[in-house]
There are 2 protein chains.
Amino acid sequence: MTVKQRREREKEEMRTLILDSAHKLFIDKGFDEVSIRNIAEAIEYSPATIYLYFKDKNEIFHALHQEAFRFYNQFNIELPAIRDPFDRLVKMGEKYFEFMTLHPKYYNIMFLMEAPMRNDECIDEWEEGAKAHSFFEQTVLECMEKGYLAADDHRVVALTIWSYMHGICSLIIRNRMKMYPEEIREQIQKQSFELFMNKIRKR
Amino acid sequence: MTVKQRREREKEEMRTLILDSAHKLFIDKGFDEVSIRNIAEAIEYSPATIYLYFKDKNEIFHALHQEAFRFYNQFNIELPAIRDPFDRLVKMGEKYFEFMTLHPKYYNIMFLMEAPMRNDECIDEWEEGAKAHSFFEQTVLECMEKGYLAADDHRVVALTIWSYMHGICSLIIRNRMKMYPEEIREQIQKQSFELFMNKIRKR
DNA sequence: CAAAATTAATGAACAGTGTTTATTAAAAAT
DNA sequence: ATTTTTAATAAACACTGTTCATTAATTTTG
């Protein structure tokens, strides 16, 4: 049965070869701008070959979506070490914002694009995303226990914070901040973040 | 010079014919799923004709983007009649949410898609959008004057509120709420909105 | 080891996309 | 009536995702 094993390993290697290549192209062009033919050319195989390893373009999308969350968790690796939950929450927000700024293509696929969420199976394979989210909710809960946040349903509070963060991030990423002149935009964003954190903090 | 006038009128009629048709198709298919050939077929002209009236697909996009904001303002026509600014603000939020729910294709083009904001000229032609936004900022300012909101930079507060509203709306529209079971999702959204409104309200 | 069976890779095609251009048909001006 | 201007189009270009019959390589069997 050693042949079958090697076969399977080779299949896996090919999959990662395709994904790595798709990944590289995707990072500097954006997903919609990367075609199957582009990927095929990069790995020096024919376009049809890719369909032996992935059902369709969406499945590649899906795989990259998962990888983006892995990368996001790596990006936030320092967070659990922050003992004070409110400090951690604030840092989490800053990191979220920083991630969006530094890796807009990732942010796009994780939260903005509709494609990777069309299928239903994507919940099962959202392990890394679920991890990030539950860590976030846990931090909110701890903030309540330590009296930094008022006692509410912590899931509701978490959703509210995330909504705000995601809202401002996607307005920026999608260029919907033109009503604020370029020079003051960053200032206003910063002020807004501080205001929000102040408003939800228990007084 | 009566010929030139008629010519111009006909040109304008053709433009609106194309736009109306594009609009109809767009509403039930979404912009990316509507092709120039689809539009051409609907108005019974050749695809090339459309390029005599619009530079490219993005220009059609742009026109629909404007129309969406006109429609949005119509949708909110009852708002200015609400005298109490905080009541108005709350209603504005509810209407924003309702708009997203009832007209996701519009919401998509207005705030989510990247295409219509690629060019730089789109600021000048954003009259209806600017109108909606300044009315919103004005309401926030009034809320401060009447003591419903703490005295802060009203533009910063407005951005914060909008970010929250846009955040939750786009999470919903883009199917990023799967961590909350279907049954309780609506409940949680409602609770979040109430929580947010309570937190920003002056105490 | 040779023949048969399985597997992997591909070229070519299909049906679609946005966009351009040379050509034709119609209308207006001379 | 003839020339000029304008409008509309067919056809093409260079792409896209995807499928499938054919070929080439590899593994299994006799």
Side-chain angles (χ1 to χ4, degrees), chain A residues 1-19 21-23 25-26 28-65 109 113-119, chain B residues 1-19 21-23 25-26 28-65 109 113-119:
Chain A
M1 289 288 149
T2 183
V3 172
K4 216 168 195 178
Q5 279 176 15
R6 200 207 54 202
R7 277 262 154 92
E8 211 157 304
R9 198 193 58 216
E10 279 174 349
K11 192 135 197 161
E12 201 50 54
E13 281 171 0
M14 189 65 164
R15 268 183 75 96
T16 60
L17 177 66
I18 292 169
L19 279 182
S21 175
H23 173 100
L25 288 168
F26 163 73
D28 59 59
K29 291 181 82 180
F31 195 83
D32 286 339
E33 269 62 57
V34 177
S35 71
I36 298 288
R37 280 172 178 82
N38 293 156
I39 301 170
E41 198 176 10
I43 61 171
E44 296 176 295
Y45 277 82
S46 96
T49 303
I50 289 174
Y51 287 86
L52 300 175
Y53 299 90
F54 293 92
K55 189 177 138 281
D56 54 21
K57 201 186 177 186
N58 226 49
E59 202 170 294
I60 298 176
F61 215 140
H62 217 104
L64 291 179
H65 183 254
I109 198 175
M113 299 194 69
E114 55 183 348
M117 286 302 180
R118 265 201 281 264
N119 302 330
Chain B
M1 287 291 149
T2 184
V3 172
K4 216 168 195 176
Q5 279 176 15
R6 200 209 54 200
R7 276 265 154 91
E8 211 156 306
R9 198 193 58 217
E10 280 173 350
K11 191 135 197 160
E12 201 49 54
E13 280 169 1
M14 189 64 165
R15 268 183 76 96
T16 60
L17 177 67
I18 292 169
L19 279 182
S21 175
H23 173 100
L25 288 168
F26 162 75
D28 60 60
K29 293 181 78 181
F31 195 81
D32 286 337
E33 269 62 56
V34 177
S35 70
I36 297 288
R37 281 173 178 83
N38 292 157
I39 300 170
E41 198 176 10
I43 61 172
E44 297 177 295
Y45 277 82
S46 93
T49 303
I50 289 173
Y51 288 86
L52 299 175
Y53 298 89
F54 293 92
K55 188 176 138 283
D56 53 22
K57 201 186 176 186
N58 225 49
E59 201 171 294
I60 298 175
F61 214 140
H62 217 107
L64 291 179
H65 183 255
I109 198 175
M113 300 194 67
E114 57 183 347
M117 286 302 182
R118 265 202 280 265
N119 301 330

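A note on names: the letters A, B, ... follow the listed sequences, proteins ahead of strands, and every chain is numbered from 1. All values derive from a computational prediction rather than experimental measurement.
Here the shortest heavy-atom pairing between B/T49 and B/M14 reads CG2-CE, 3.7 Å.
Annotation: side chain of A/I18 is in contact with side chain of A/F54 (closest heavy-atom distance under 4.5 Å). A heavy-atom distance below 4.5 Å is found between the side chains of B/K29 and B/N38. No side-chain heavy atom of A/F61 sits less than 4.5 Å from a side-chain heavy atom of A/D56.
Interface remark: the A/R37 side chain does form a donor-acceptor pair with the D/dG17 base, using a distance-only criterion of under 3.5 Å.
C/dG18 atom P lies 12 Å from atom CG of B/N58, rounded to whole Å. Distance NZ (B/K57) to P (C/dG18): 5 Å, rounded to an integer number of Å. Taking atom CD of residue A/E10 and atom P of nucleotide C/dT7, one finds them 14 Å apart after rounding to whole Å. For the pair A/I18 CD1 and C/dA9 P, the computed distance is 9 Å after rounding to whole Å. Between B/I36 atom CD1 and C/dG18 atom P there is a gap of 5 Å when expressed in whole angstrom units. Here the C1' atom of nucleotide C/dT7 and the CE atom of A/M14 are 14 Å apart, to the nearest Å. Between A/E33 atom CD and C/dT17 atom P there is a gap of 18 Å when expressed in whole angstrom units. Spacing between atom CD1 of B/I39 and atom P of C/dT19 amounts to 10 Å, rounded to whole angstrom units.
The stretch residues 41-54 of chain A touches DNA chain D through A/A48, A/Y51, each having a heavy atom under 4.0 angstrom from the strand.
Close to D/dT27, at under 4.0 Å from its OP1 or OP2, lies a side-chain N or O of A/R6.
Stacking of A/K57 on the aromatic ring of A/F31 is recorded, both the 6.0 Å distance cut-off and the 45° axial limit being met.
Judged by distance alone, with hydrogens and angles left aside, the side-chain atoms of B/R37 form no donor-acceptor pair with the main-chain N or O of B/P47 at under 3.5 Å.
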